[in-house]
Participant: 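Below is the structure I would like to discuss, written out as structure tokens.
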2 protein chains.
Amino acid sequence: MARLPEYLRALHALAEVGHETVSSEGLANAAGVNSAKLRKDLSHLGSYGTRGVGYDVGLLVDQIEFVLGLTQRRAVALVGVGNLGHALAGYDGFASRGFRIAALLDAEPSRVGEQINGLVVRHIDELPRVAVEESISIGVIATPASAAQAVADQLVAVGVTSILNFAPCVLSVPEGVDVRKVDLAIELQILSFHEHRKASLTALPATGGSALTALPGGLAATDTQEAIGT
Amino acid sequence: MARLPEYLRALHALAEVGHETVSSEGLANAAGVNSAKLRKDLSHLGSYGTRGVGYDVGLLVDQIEFVLGLTQRRAVALVGVGNLGHALAGYDGFASRGFRIAALLDAEPSRVGEQINGLVVRHIDELPRVAVEESISIGVIATPASAAQAVADQLVAVGVTSILNFAPCVLSVPEGVDVRKVDLAIELQILSFHEHRKASLTALPATGGSALTALPGGLAATDTQEAIGT
DNA sequence: AGGCGCTTGTGAAGGGGTGCACAAATCGCG
DNA sequence: CGCGATTTGTGCACCCCTTCACAAGCGCCT
């Protein structure tokens, strides 16, 4: 599930420090989750722990990488070499975790030909050829929202079935195509909501605030880590 | 909750096209969610719809912006002006959605003084002064993982209670501080998992694949939009 | 004024994830 | 060889979220 990559990152960190085995609680702390949850997650992959000892770090890394499909180094096509695209093209976190940015594409002729991190920006119309040459497995959209749907359609047309979308819009894709969306402004807005809620609570501790700010507390929880350790 | 910003974005898009009212189903489509879910979400804020008609776009925008605490323009401090930090500093999606990047900070002396998008990079040690001057409300960490915890501690020390963390590590913060994490590599790894699963299923449709790949299907669902429209 | 169609708001059922608590299993030590 | 300490794997209960379905309410047309 979605937590496996986090476990994998924690395992790599533990391996670098020299740990050969980890207890579920140790790994859970490193990944920021509950130990019971971690054990249940890992049990879904099979039994790779030893009771009384813990999990073999190396073995677990291999298993998770296999499940995540990281045994093959996947080729990524990045469409849109604007502000964000530039940063993504130069981000070394991709290479170090099993991905290879195989192509940079843009519709703007003035950007075509530019060289970034050893890769030349090509025109989006070359996508069909590039997709075959590099056997593209994942497409990343870093264009303005107005262009995102068209780019998605082109990616789907050349057989890409996984898309990471940074454009602030909803994409329509056929069945079988997976889309994950990352909207940086939305993350900030969610934090702003928490700020607003905290401010209302401290300002009006007795009344509990207005009806609008007195929303159920659990409402704030989705995917937010709060108050971990000290 | 976490979907409100998505609704807000969809509402702004509808307003630009000239819609004055929206039905729950119309807005749900624009936001990529179920209409019943949307109605239930909005009902938590109060009754702002008219039966038989729908929701008033302008009114709903105001209400959501109020709940999200966007009536005041929040000041953001961005720490770490590397590859990603540069892109974030230049990203205009923040300004257009209620946020103001008020300060750029970095620990590297060679980067201090650099000007990006009209803002001068200042040294991280100036954080206490900057925080007061600009009344910083949210901190964004775009440093390497090794520096992230120290930066988080400094942010907390100057009173920041909301942090957006782009570094691939778990942050420890005191109670009352909210942390949201965005890890670009993890997003790709989740897509890779889906790719791997799809590949296994099509390759071995009869047997259903190995035990490892035959994970429960629902396992794939978290936060992923799949097969929306055509 | 009355009826009809459309849309919201919500009760209830269902499903999935979460965390507790404990049995089963393994290792080390006496 | 046996016992205790330790840790995994999991049954169970709980809670929240999601979704369906429908009653209540509003506007429009006759």
Side-chain angles (χ1 to χ4, degrees), chain A residues 1-4 6-7 10-11 14 19-57 59-60 63-64 67 190 211-212 215-228, chain B residues 1-4 6-7 10-11 14 19-57 59-60 63-64 190 193 211-212 215-228:
Chain A
M1 45 192 72
R3 284 185 295 268
L4 287 180
E6 190 66 44
Y7 300 159
L11 283 168
L14 287 169
H19 285 67
E20 302 229 333
T21 64
V22 214
S23 71
S24 64
E25 196 157 330
L27 182 54
N29 284 344
V33 299
N34 185 294
S35 67
K37 194 191 298 187
L38 182 134
R39 286 199 300 275
K40 189 151 290 187
D41 286 346
L42 294 185
S43 73
H44 287 311
L45 320 179
S47 257
Y48 294 105
T50 310
R51 303 181 189 221
V53 178
Y55 298 92
D56 182 290
V57 173
L59 178 62
L60 204 49
Q63 287 303 332
I64 293 182
V67 172
I190 294 173
L212 277 174
L215 296 166
L219 186 123
T222 306
D223 205 356
T224 300
Q225 98 177 52
E226 181 164 4
I228 306 280
Chain B
M1 45 190 71
R3 284 185 295 268
L4 287 180
E6 190 67 41
Y7 301 158
L11 283 168
L14 287 169
H19 286 67
E20 302 228 335
T21 64
V22 215
S23 71
S24 63
E25 195 156 332
L27 182 54
N29 284 344
V33 300
N34 185 293
S35 68
K37 193 191 298 187
L38 180 133
R39 285 199 300 277
K40 188 148 290 191
D41 286 347
L42 294 187
S43 73
H44 287 311
L45 320 179
S47 255
Y48 295 104
T50 310
R51 300 177 189 226
V53 178
Y55 297 92
D56 182 288
V57 174
L59 178 62
L60 204 49
Q63 287 303 332
I64 294 182
I190 294 173
F193 166 68
L212 278 174
L215 297 167
L219 186 121
T222 306
D223 205 356
T224 301
Q225 99 178 52
E226 182 164 2
I228 305 281

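Computed from a prediction, not measured in an experiment: that's the story for all the values here. Lettering follows sequence order; numbering is per chain, from 1.
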Participant: Given atom CG of Leu38(B) and atom P of dT18(D), what is their separation to the nearest angstrom?
Facilitator: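 Whole-Å distance recorded here is 12 Å.
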Participant: Side chain of Arg3(B): nearest nucleotide among dT8(D), dT18(D), dT18(C)?
Facilitator: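 Among dT8(D), dT18(D), dT18(C), the one nearest the side chain of Arg3(B) is dT18(D).
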Participant: For Leu60(A) and Ile64(A), run side-chain contact (heavy atoms from CB on, under 4.5 Å): C-alpha distance rounded to whole Å, both residues' side-chain angles, the deciding distance at 0.1 Å, then the answer.
Facilitator: CA-CA 6 Å; Leu60(A) 204 49; Ile64(A) 293 182; 4.3 Å; yes
Participant: Tell me whether the OP1 or OP2 atom of dT8(D) has a side-chain N or O from Ser24(A) closer than 4.0 Å.
Facilitator: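 True: Ser24(A) side-chain N/O within range (under 4.0 Å) of dT8(D) OP1/OP2.
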Participant: Name all residues meeting the salt bridge (Lys or Arg N to Asp or Glu O under 4.0 Å) criterion together with Arg3(B); count only those two or more places apart in sequence or in a different chain, and write none if there are none.
Facilitator: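 Testing Arg3(B) for salt bridge (Lys or Arg N to Asp or Glu O under 4.0 Å), a comparison that skips the adjacent residues, returns Asp41(B).
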Participant: Provide, to the nearest angstrom, the distance between the NE2 atom belonging to His44(B) and the P atom belonging to dG11(C).
Facilitator: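 Going from His44(B) (NE2) to dG11(C) (P), I get 11 Å.
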Participant: Taking side-chain contact (heavy atoms from CB on, under 4.5 Å) as the test, write out the residues that go with Leu14(B), two or more places apart.
Facilitator: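 Applying side-chain contact (heavy atoms from CB on, under 4.5 Å) to Leu14(B) gives His19(B), Val22(B), Leu27(B).
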Participant: Does Asn34(B) put a side-chain nitrogen or oxygen below 4.0 Å from OP1 or OP2 of dC17(D)?
Facilitator: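 No, no such contact exists.
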Participant: List the protein contact pattern of nucleotides 23-30 of chain C with one symbol per nucleotide (5' to 3'): B for base contact, S for sugar-phosphate-only contact, - for none; contact means a heavy-atom distance under 4.0 Å.
Facilitator: -BBBS---
Participant: Quick one: Glu25(B) CD to dT8(C) P, roughly how many Å, whole number?
Facilitator: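 It works out to 9 Å between those atoms.
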Participant: Looking at every heavy atom in both Ala31(B) and Tyr7(B), which two are closest together, and how far apart are they?
Facilitator: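 Heavy-atom minimum between the residues: CB-CD2, 3.7 Å.
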Participant: In this structure, how many angstroms lie between the P atom of dG9(D) and the CG atom of Leu27(A), rounded?
Facilitator: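 Leu27(A) atom CG is separated from dG9(D) atom P by 12 Å.
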Participant: Quick check: on DNA chain C, is the nucleotide nearest Gly49(B) upstream (toward 5') of the one nearest Asp41(A), or the reverse? Name the residue that is more 5'.
Facilitator: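 Counting from the 5' end, the first nearest nucleotide belongs to Gly49(B).
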Participant: Round to a whole Å and report the spacing from CG of Leu45(A) to C1' of dG9(D).
Facilitator: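 Distance, rounded to whole Å: 13 Å.
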Participant: Report the residues that fulfil side-chain contact (heavy atoms from CB on, under 4.5 Å) with Ala30(B), sequence neighbours left out, ordered by chain and then residue number.
Facilitator: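 For Ala30(B), the residues satisfying side-chain contact (heavy atoms from CB on, under 4.5 Å) (neighbours in sequence not counted) are Ala10(B).
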Participant: Between the base of dT18(D) and the side chain of Lys40(B), is there a donor-acceptor distance below 3.5 Å?
Facilitator: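 Under the 3.5 Å cut-off, the side chain and the base do not form any donor-acceptor pair.
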Participant: How long is the span from the OH atom in Tyr48(B) to the CG atom in Leu59(B), to the nearest 0.5 Å?
Facilitator: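 With rounding to 0.5 Å, OH (Tyr48(B)) is 7.0 Å from CG (Leu59(B)).
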Participant: Within this structure, what is the CG-to-P distance between Leu60(A) and dT7(D), rounded to whole angstrom?
Facilitator: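 From Leu60(A) CG to dT7(D) P: 16 Å.
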Participant: Any idea which of dT18(D), dT7(C), dC20(C) is nearest the Ala36(A) side chain?
Facilitator: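 Selected nucleotide: dC20(C).
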Participant: I need the CD-P distance between Glu20(B) and dG27(D), as an integer number of Å.
Facilitator: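 Value for this atom pair: 16 Å.
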Participant: Between Tyr48(A) and dT7(D), is there a contact of a side-chain N or O with OP1 or OP2 at under 4.0 Å?
Facilitator: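 No, outside the criterion.
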Participant: Restricting to pairs with a member in residues 22-39 of chain B, which pass salt bridge (Lys or Arg N to Asp or Glu O under 4.0 Å), not counting sequence neighbours?
Facilitator: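 Salt bridge (Lys or Arg N to Asp or Glu O under 4.0 Å) check on residues 22-39 of chain B returns no pairs.
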Participant: Distance check needed: dT7(C) P versus Asp56(B) CG, whole Å only.
Facilitator: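 Roughly 16 Å, once rounded to whole Å.
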Participant: Is Arg39(A) close enough to dC20(C) that one of its side-chain N or O atoms is under 4.0 Å from OP1 or OP2 there?
Facilitator: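 So the side chain of Arg39(A) is outside the cut-off, no N or O lying under 4.0 Å from OP1 or OP2 of dC20(C).
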